Amino acid sequence: MRGNPFFGPDLDPTSSMEGLATRQTPWTDAEPKKDKFVVEADLLIPGKGDPIEHGSIVVEGNKILQVGESISIAKDYSHLPKYHVKTLMPGMWDCHVHFLGAQRVAWDSLLEAQQKQALTGARCAPDLLRLLDAGFTSVREMAGYGIQLDQAIEEGSLVGPKIYSSNAIISPTGGHADLHPLPKPWYDDLCRQNGPFQTADGVPECLKVVRMQLRAGAKVIKICGSGGVGSELDNPVDQQFSSEEMTAMVDEAARAQRIIGAHCHGKAGIMAALHAGVKTIEHGSYLDDEAADLMIQKGAILVTTRLIVENGLQSKDFFSPKGYAKLSVVAKHQWNAMQTAIRKGVTCAIGTDSTGTLPPSNPLSKLVRQGLNAKELVYHVKAGMTPLQAIEAATANGPLTLGPQGPKAGQLREGYDADFIGVDANPLEDIGVLVGPGHVSHVWRQGKCYKSPGRGVSFI
Ligand SMILES: [Zn+2]
């Protein structure tokens, strides 16, 4: 079975651990052999453009070589191994997640996560599997430990989606990511280690902190354009970084070919961020017609993150009365904002703000966990998208949220990354079939099959 693209060269289910030790590829100048195979589908959804009935793709190594009607592909590639799925579509992208290893809904759990990074990594590992199992082949992490986790995935130590991380979220002092309930020296200690949280005040500090994210390997820069919901002392309606600070950070990021994604609820922050050149608006809760028009004019992308809001609304006991009231108000505005954005034709990408899986003993664990991320597509359809548009937001639009760092991925298209999934139902008839791993029959990432019927995603 070795080299069979169905299992991938390193995922042969007949192999043993002893086998793994002896299967080191010797160093050689020769081009590595590129596996070539065909996947044919009853329905092929390319990510962007019209679906093809009875469509196929040809894969060579980690790239898609050809896409078209099965009848034409079968003629030229009849000699290749062939796999059949009901629906074939690009692997999905969640463009707003966090890998923080939190096992409790408490601020000090973030300190523990920073101080015990091996433990944090171990806690994140099952979440990476859950994402891949649910058909998410790429994620954009907007603060967390994703850079280290991605390194482990690239090395083959872990199995999971490709992670494009911002490393930190950058906040002004007293702002959304300043973790208000923590004593200042504890928070400063987090910042000193260039972990997931940073504060900066004034243009020179803002430049320095953006450069620190570049040093850490960030592929996108995340800043606070407005106050937050979960943060204790600030107001989501208020703008946070000044226009001058935001412009300086956008310019600094652009010099390194990075774009900025801004956490923005209130309209003032959304407008200031867009005028400063911010390319993705995260949450966008108070977006109205005028803000939607400016987003279209600026070519910006909205990442709404409705899932975390809906989960929050169903978890009243975990909020203070004041916190829940704050969430309820923002939730109402955000639902209107989503509908406005969709009606106006703002480019949207799917993001959930999923943070991690809680232990089964926590009553929230069934609700809040990685792997249910495609619920976000369901909310987008409820808010006015067609299922095909929601799939485009979850696939082709994903790489757009990384600007120049975006890979050629998210579409079944020649020359694009061989990241795609098989679904045993038709998501154009019921978008809900994409939620959870149940209907995701196959997952390929970089041309390697990680899941097929009877064989789930696993580490080895
Ligand atoms: Zn977030």
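Atoms within a ligand are numbered from 1 in the order they appear, just like the ligands themselves. What you see is a predicted model; the values in this text were computed from it and never measured.
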Would you list the atom pairs, donor with acceptor, under 3.5 Å between side chains in residues 264-273 and any protein atom, with sequence neighbours excluded?
residue: H265; atom: ND1; partner: S285; partner atom: OG; Å: 2.7
residue: K267; atom: NZ; partner: D288; partner atom: OD2; Å: 2.8
residue: K267; atom: NZ; partner: E290; partner atom: OE1; Å: 2.5

Under 3.5 Å donor-acceptor pairs involving side-chain atoms of residues 129-138, not counting sequence neighbours:
residue: R130; atom: NH1; partner: D127; partner atom: OD1; Å: 3.0
residue: R130; atom: NH1; partner: T357; partner atom: OG1; Å: 3.2
residue: D133; atom: OD1; partner: K451; partner atom: NZ; Å: 3.0

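- Ion pairing between a basic and an acidic side chain is recognised when a charged N comes within 4.0 Å of a carboxylate O; R123 and E112 show such pairing.
- For Y286, the ring-ring contact (aromatic ring centres under 6.0 Å, His included) partners two or more places apart in sequence, or in a different chain, are H333.
- Excluding waters, the set of protein N/O/S atoms under 2.8 Å from the Zn ion (ligand 1) reads H96 NE2, H98 NE2, D353 OD1.
- Ionic pairing of K162 and D150 is present here: one or more N-O contacts between side-chain nitrogen and carboxylate oxygen are shorter than 4.0 angstrom.
- Ion pairing of E252 with R255 is present here, as a side-chain N (NZ or NE/NH1/NH2) and a carboxylate O approach within less than 4.0 Å.
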